[in-house]
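One structure is given below, represented as structure tokens, and several questions about it will come after.
Naming: A, B, ... by sequence-line order, numbering from 1 per chain.
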Protein chains: 2
Amino acid sequence: MPHLKGLQENHLLAALPVDVQERLFPHMESVELPLGKVLYESGDTLRYVYFPTNAIVSLLYVMESGASAEISVVGNEGLIGVALFMGGESTTSRAIVQSAGLAYRLLGQRLKDEFNRHGALLHTLLRYTQALITQMAQTAVCNRHHSIDQQLCRWLLLSLDRLEGNELVMTQELIANMLGVRREGVTDAAGRLQRLGVIEYHRGRIQVLDRAKLESLSCECYAVVRKESDRLLPWAKYTDKV
Amino acid sequence: MPHLKGLQENHLLAALPVDVQERLFPHMESVELPLGKVLYESGDTLRYVYFPTNAIVSLLYVMESGASAEISVVGNEGLIGVALFMGGESTTSRAIVQSAGLAYRLLGQRLKDEFNRHGALLHTLLRYTQALITQMAQTAVCNRHHSIDQQLCRWLLLSLDRLEGNELVMTQELIANMLGVRREGVTDAAGRLQRLGVIEYHRGRIQVLDRAKLESLSCECYAVVRKESDRLLPWAKYTDKV
DNA sequence: TGAAGTCTGTACGTCGTCGTACATAGAGGT
DNA sequence: ACCTCTATGTACGACGACGTACAGACTTCA
């Protein structure tokens, strides 16, 4: 079976029973996800589902005015394309690559075929979807009540959890688009974090120096999402990250 | 079968095939949902699922500080207790009755038993869950970008869609808690709407006089949710409401 | 080496919402 | 009729985020 090792880097795939893996894996192909690539647009009928390994994909809604807001973020703990098995076939959001990397994709129909066997894949995907729901709900809360500074911390932590190492490759402009705030707002917040010695950044590269402090500066939203994800997706626990 | 007529007032139940109804309905009991009743608390293991008829239930997150934010709203188009069949058994949000009325409840295990037959109920519930996801996503967007005035309009419309008539029974204080804003902010916004002749209110009773205008004053979020709900839940179309 | 483009820093006035405080008015009970 | 409670109205300073404008610094490429 090709890519067998790489496929295991997606925790959701790795958690599937061997027989399910044997049916699915032969049909999966690896794809490079460059920064900014749009996997699907609002209203598009989904053709593939994507399982990221070291890539991160953001689901965001783009308003009529062009302004945007991130709904949730997906990395190696999950998949992009939930609407396929939920029955809607499309969503109102856009899926865009927020951190370049590798993913595996599978024809939607193949996923649905396996889903409709009503075995382990169904239960795994539904649990993942609930984790996604929790993240979306907390995004709504965070948007309502928390400052840009707090939201930036939350966002950095969510991204960090889905990457190896402690470096993020992304400009402040990009972060601003995700959070749905001005770029200057991110500059201010990031400047404060840098002065506190929590992060260090330079032209699109952000090093996290003090993760513990970052967590303490974040609002409760990160911890809520993280805790619920760990509960719902035991296979994806980031136990090495404190 | 008892309550047969009443049960049909929940559009999701009404849309189920007869054989599914015949298995489920005998186990359902009607319950009064008084204003403010908490159906479940954050972290509670869900025991029942609830199918509202003329009641409206809000899912909201309560922060450590006590402040809250509504995540989504559920009426006769759906059910409360999605986490039961998604596999998590509990959620991070609270379910609280926002508009008193009647609902039918069913033991969670009964629902799961039928869900695990992998028939019509499964597909219906998953489609409903996707509609719920859309609503939550749009709540996040709305919280980020829109004014209290716009959000109030959206919120009134969402509630109106789930009730008969054009009167809402709810104080500004309650609305403020749902939207996660100050009561004074709601007073200001509602005052403006009243001066425009769109609504008329008096001590906890709000009459909507000009629904069309209300829609035009609302942000795009309402239309997005409504359109997607109509698409995903064809059985729940509010075709009589323009 | 110079030019163009990208990324980040800073400033200033405006606006919406917040926190707080207090006033008014209708409803219900005795 | 009186009191009490609840719901709503109004005001004011504070603060965070916005829109806008522009400057500086680094990178890339000719």
Item checked: Residue pairs involving residues 52-71 of chain B (criterion salt bridge (Lys or Arg N to Asp or Glu O under 4.0 Å); sequence neighbours excluded) -> none
Checklist line | Backbone N/O of B:Glu215 and side chain of B:Ser218: donor-acceptor pair under 3.5 Å | finding: no
Check: Hey, does the side chain of A:Gln98 reach the backbone of A:Gly36 with a donor-acceptor pair shorter than 3.5 angstrom?
Finding: no
Check: From the 5' end of DNA chain D to its 3' end, which nucleotides mark the outer limits of contact with chain A, defined by a 4.0 Å heavy-atom distance cut-off (strictly under)?
Finding: D:dA17 to D:dT27
Item checked: Qualifying residues under side-chain contact (heavy atoms from CB on, under 4.5 Å), relative to B:Gln150, sequence neighbours excluded -> B:His146, B:Ser147, B:Cys219
Next item on the list: Please determine if A:Asp161 and A:Arg211 form a salt bridge, counting it only when a charged side-chain N lies under 4.0 Å from a carboxylate O.
Entry: yes
Note to self: Over the length of the helix from C:dT1-D:dA30 to C:dT30-D:dA1, how much do the five-pair end axes diverge, rounded to 10 degrees?
What the structure shows: 30°
Notebook entry, point to check: Looking at B:Leu132 and B:Ser72, what are the two nearest heavy atoms and their distance?
Noted result: CD1-OG, 3.7 Å
Item checked: Contact summary for B:Ala190 and B:Leu152, nearest pair of heavy atoms -> N-CD2, 3.7 Å
Notebook entry, point to check: In whole Å, what is the span from the CZ atom of A:Arg144 to the P atom of C:dG16?
Noted result: 15 Å
Checklist line | Pair B:Thr187, B:Gln172: side-chain N/O donor-acceptor within cut-off below 3.5 Å | finding: yes
Polar pairs (N or O, both sides) under 3.5 Å between protein and nucleotides 8-13 of chain C?
| unit_1 | atom_1 | unit_2 | atom_2 | d |
| --- | --- | --- | --- | --- |
| C:dT8 | OP1 | A:Gly204 | N | 3.0 |
| C:dT8 | OP2 | A:Gln172 | N | 2.9 |
| C:dG9 | OP1 | A:Tyr201 | OH | 2.9 |
| C:dG9 | OP2 | A:Tyr201 | OH | 2.8 |
| C:dG9 | N7 | A:Arg183 | NH1 | 3.0 |
| C:dG9 | O6 | A:Arg183 | NH2 | 2.9 |

Check: Charged N to carboxylate O below 4.0 Å: is that the case for B:Arg192 and B:Asp188?
Finding: no
Notebook entry, point to check: For B:Glu41, what residues pass the side chain to side chain donor-acceptor pair (under 3.5 Å) criterion, not counting sequence neighbours?
Noted result: B:Arg94
